[in-house]
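Below is one structure, written out as structure tokens; the observations come after it.
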Amino acid sequence: MEAIETRYRTHTCGQLRKSDVGKEIKLAGWVHSYRDHGGLVFIDIRDRDGLTQLVFDADLCGHAVHEESRKLRSEWVVSISGTVTARGEGFENPKIPTGQVEVRVKTMEVLSISPTPPFMIDEYEKVSEERRLQYRFLDLRRPQMQETLRTRYKVTKTIRDFLGDLGFWEIETPFLTRSTPEGARDFIVPSRLAPGNFYALPQSPQLFKQLLMVAGCDKYMQIVRCFRDEDPRADRQAEFTQLDVEMSFIDVENITSIMEQLVAKLWKEILGVEVKLPLMRMDYDLAMNKYGCDRPDLRFGMELCDITELAHTLDFGVFKNAPMVKCIVVPGGGKFSRKETDALAEWAKGFGAKGLAVTKVTATGVDTGIAKFLAPVAAKLIEATGAKEGDLLCFAADSPKVVHKVLGELRLKMFRDMKIEPNQKYAFLWVVNFPAFDYDEEEGRYAATHHPFTAPNDEDLAKLDSKDRATVESIKSKAYDIVCNGSEIGGGSIRIHRIDTQQKVFAQLGLSEEQQKHKFGFLLDALAYGAPPHGGLAFGIDRLVMILRGISNIRDVIAFPKTQSGADLMCGAPNTIDDKQLREANIRVAMPPVAEKKPA
RNA sequence: GGGGGUGUAGCUCAAUUGGUUAGAGCACCGGACUGUCGAUCCGGAGGUUGCGGGUUCGAUCCCCGUCGCCCUCGCCA
């Protein structure tokens, strides 16, 4: 970073090199550390660019400044003037880029003082996250956090440059918008001017970007905050940032091609890594069958093996009565103790399984666990799965949904627990041809797999009128997700641009004409007035930055994140508001009833 | 809403089966020191063991409740 010259500084604290020796300069920054040798005082001064060692010697700066330098403490803010000097031989510090020089101070101005900080701004010090979040303004001074903020800016800058060059316009869409009860829970905002009415914060600008296509904007992008009132997770936050993109007159291959070029550019610019294009396209059905998951991690094998037919030949109730039986081979899993495999079964129950059947592969067949039931097909089983001596076979027998969930999760757990060596650092792919509809057993109706505006595949359009469950569930859609290392980093679809198709999809979702008009009337109006074929996608910027920085916690890539209970520990949000504000918003608070205490 | 983990000095952690005055490193305060750079040396101060209750002669430790934080299931078109 080049400093912009001001009354406080001519250079930054990471800038000076041997070529600057002899210059009279000014630096400003925070006192990072001090080493007081009595007659000679060393101060490391820090700004976001780096560290520079200052030397206070009474012979050069006079007694007053020398005495003042001995009073400096951590995180005070100072501006100094002095001379850049080469460090003597053996006194260089190879750990920092400015380590070949130091600044012999002549004058100093203390700009701010600080109490002893609750933790040191130091890469060595481990601090609890609670404390970091409480003092986020100090935490963000730490080099790792500054590096993440810098990466995050580089990501958005690269995106804007890339898409801008291709003719995309960045267009803002409203935050105060209409609640659409589909999907996640909305954050709501009371309307003062319309008592009893509410805005909702957008879960994404989905409908607005489609309207922009109808409006003839052709190519739209926006880096935009989205809001979903659901429980946070390690990779989920109530407010998060998306790159939102939409284009007119395109089909699936056009948008995925442009977007994977963008991804390759990001990896090149930020990591210097070449991503080989085009990325693999994998059908949703294949992903589910082989990996039990619609965002497979392709950095390792351990694929799911379908043994339903083989299993049904056995006289083993658990297998015989299950609609689907699959297994995975855990390499080297034969060393697991009974206790460990029992623990795995217990863990599997957390995903809806009744348990987890296992057996160990030996030189002659299978042993332990459910080996005695498998005996008649042991040879065929080992051949089908490719298992070797010393491996562990894990079986799930249940509905396809449960089988895939359990084995998909088990696959990931074994990758982590067994520390399996990944076959590549970044495994990208597109997952395509998602089913259009998902039957919700509880609600007794279909839900859109992606969202209700996703275009069905051309060859499936005729099936939209069907009432036959198998037919409807066989409809595939022009939706696509981009996945990296098992994390969904983006997703989108070609949208429906014909009003008749949109109405048919709404009808399959169980929306009456009246409900359609009430909830999405403005979209149907827009589609009636000449909508171009269009489609787009959204990237999760937070998750992108997580992968690019190798960070596993979303809070570490957000400047001011919230805790798992939705609190901002620094500013104290959310908080109560006073009666006047409530009255103006026409809100009366009704606290939830207190749960009855259990008798002691 | 459910399951699991966790909370002790400013920070990170320890404390035997429930038993003396709850310790250590770093940070902090005072002093010494002209080549340190995670400085060193000498000395010092620092505790509502998250909070409330219970059992006990005695609780950081056991029990009940409660709060914060983390992971997770549900949820996240």
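In what follows, chains are A, B, ... by sequence order, proteins preceding strands, each numbered from 1.
Listed candidates were B/U12, B/C76, B/U36. Nearest to the side chain of A/S128 is B/U12. Listed nucleotides: B/C75, B/C76, B/C69. Nearest to the side chain of A/D231: B/C75. In the set B/G38, B/C76, B/G35, B/G38 carries the atom at the smallest distance from any side-chain atom of A/K95. Nearest nucleotide to the A/S33 side chain, out of B/A39, B/G68, B/G35: B/A39.
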Table of protein N/O atoms under 3.5 Å from nucleotides 26-28 of chain B N/O atoms:
residue	atom	partner	partner atom	Å
B/C28	OP1	A/Y34	OH	2.9

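Along RNA chain B, the nucleotide nearest A/A448 and the nucleotide nearest A/L569 are compared for position; the residue whose nucleotide lies closer to the 5' end is A/L569. Each of A/R236 and A/F351 has a nearest nucleotide on RNA chain B; the 5'-most of these lies closest to A/F351.
Shown here, B/G7 forms a base pair with B/C67; the pair counts as Watson-Crick or G-U wobble because both key distances fall under 3.5 Å. Pair check for B/G74 finds none; no Watson-Crick or G-U wobble contact set falls under 3.5 Å. Base pairing of B/U49: no nucleotide in any strand meets the Watson-Crick or G-U wobble criterion (both distances under 3.5 Å). Figure legend. B/G44 is base-paired to B/C28; pairs are counted as Watson-Crick or G-U wobble with both atom distances under 3.5 Å.
For A/F227 and B/C76, the CZ to C1' distance is 16 Å, given to the nearest whole Å. In this structure, CD of A/E130 is placed 12 Å from P of B/C71, rounded to the nearest angstrom. The separation between A/Q564 atom CD and B/C75 atom P is 17 Å, rounded to whole Å. For A/D438 and B/C76, the CG to P distance is 11 Å, given to the nearest whole Å. Atom NZ in A/K126 sits roughly 9 Å away from atom C1' in B/U12 (whole-Å rounding). Put simply, NZ on A/K349 is 18 Å from P on B/C73, counting in whole angstrom units. A/R35 places its CZ atom 16 Å from the P atom of B/C41, with the value rounded to the nearest Å. In this structure, A/E230 places its CD atom 10 Å from P of B/C75, rounding to the nearest Å.
One C1' atom belongs to B/G68, the other to B/A45, and the distance between them is 30 Å to the nearest Å. Using atom P as the reference point in both B/C26 and B/G43, the two lie 14 Å apart (nearest Å). Going from the P atom of B/U55 to that of B/C63 covers 16 Å, rounded to whole Å. Taking the C1' atoms as reference points, B/G5 lies 24 Å from B/A9, given to the whole Å. Using atom C1' as the reference point in both B/A22 and B/G47, the two lie 8 Å apart (nearest Å). Nucleotides B/G50 and B/G44 place their C1' atoms 29 Å apart, quoted to the nearest Å.
Taking A/R48 as the reference, nothing meets the salt bridge (Lys or Arg N to Asp or Glu O under 4.0 Å) condition, with sequence neighbours excluded. Contacts of A/R132 classified as salt bridge (Lys or Arg N to Asp or Glu O under 4.0 Å), with partners at least two apart in sequence or in another chain: A/D139, A/D556. For A/K463, the side chain to side chain contact (heavy atoms under 4.5 Å, CB included) partners at least two apart in sequence or on another chain are A/D460, A/T471, A/S474, A/I475. With sequence neighbours left out, the salt bridge (Lys or Arg N to Asp or Glu O under 4.0 Å) criterion links A/E239 to A/R225, A/K562. Applying the side chain to side chain contact (heavy atoms under 4.5 Å, CB included) rule to A/D294 yields the partners A/Y284, A/M288, A/F434; only residues at least two apart in sequence or on another chain are considered. For the salt bridge (Lys or Arg N to Asp or Glu O under 4.0 Å) test, no residue two or more places apart in sequence or in another chain qualifies with A/K71. For A/R295, the side chain to side chain contact (heavy atoms under 4.5 Å, CB included) partners two or more places apart in sequence, or in a different chain, are A/C293, A/V483, A/E488.
At the heavy-atom level, A/A58 lies nowhere under 4.0 Å from the strands shown. Using a 4.0 Å heavy-atom criterion, one finds that A/D229 contacts no nucleic acid atom at all. Among the heavy atoms of the strands lying under 4.0 Å from A/S204 is at least one base atom, whether or not backbone atoms are also near. Looking at heavy-atom distances under 4.0 Å, A/R555 makes contact with sugar-phosphate atoms alone, never a base. Note on A/E409: nothing from the nucleic acid sits closer than 4.0 angstrom, heavy atoms only. No engagement by A/I96 is indicated, since no non-hydrogen atom pair under 4.0 Å with the nucleic acid exists. Residue-level contact check: A/E129 touches the backbone only, with heavy atoms under 4.0 Å from sugar-phosphate atoms and none from bases. A/D36 comes within 4.0 angstrom of a base, heavy atoms only. Nucleic acid contact class of A/P118 (heavy atoms, under 4.0 Å, all strands): sugar-phosphate only.
Counting only residues at least two apart or in different chains, salt bridge (Lys or Arg N to Asp or Glu O under 4.0 Å) contacts with residues 30-47 of chain A comprise A/R9-A/D47, A/R35-A/D44, A/D36-A/R70, A/R46-A/E75. Under the salt bridge (Lys or Arg N to Asp or Glu O under 4.0 Å) criterion, the residue pairs touching residues 496-524 of chain A are A/E182-A/K519, A/D465-A/K504, A/R498-A/D500, with sequence neighbours excluded.
Between A/F42 and B/U36, a base-stacking contact is recorded: ring centres under 5.5 Å apart, planes less than 30° from parallel. By the criterion of a centre-to-centre distance under 5.5 Å and near-parallel planes under 30°, the ring of A/H37 forms no stack with the base of B/G35.
Residues A/K476 and A/P456 have side chains not in contact (no heavy-atom distance under 4.5 Å, counting atoms from C-beta outward). Two residues are said to be in side-chain contact when any heavy atoms from C-beta on lie closer than 4.5 Å; A/F187 and A/V189 fail this criterion.
For a distance-only test at 3.5 Å, the side chain of A/R87 qualifies as a donor-acceptor partner of the base of B/C37. Between the side chain of A/E102 and the base of B/G35, at least one donor-acceptor pair of N or O atoms lies under 3.5 Å. Between the side chain of A/R131 and the base of B/C69 there is no donor-acceptor pair of N/O atoms closer than 3.5 Å.
A cation-pi arrangement is found for A/R469 relative to A/Y439, the charged atom lying closer than 6.0 Å to the ring centre and inside a 45° cone about the ring normal.
Between A/F227 and A/F240, the distance separating the two ring centers is not shorter than 6.0 angstrom.
RNA chain B lies under 4.0 Å from no heavy atom of any residue of residues 237-246 of chain A. For RNA chain B, none of the residues of residues 477-487 of chain A falls under the heavy-atom distance limit of 4.0 Å.
Ring geometry for A/F520 versus A/F506: interplanar angle under 30°, hence parallel rather than tilted (30 to 60°).
Judged purely by atom type and a 3.5 angstrom limit, A/E346 has no side-chain atom pairing as donor or acceptor with the backbone of A/A343. Judged purely by atom type and a 3.5 angstrom limit, A/E102 has no side-chain atom pairing as donor or acceptor with the backbone of A/T85.
Side-chain N/O atoms of A/R233 include none lying less than 4.0 angstrom from OP1 or OP2 on B/G74.
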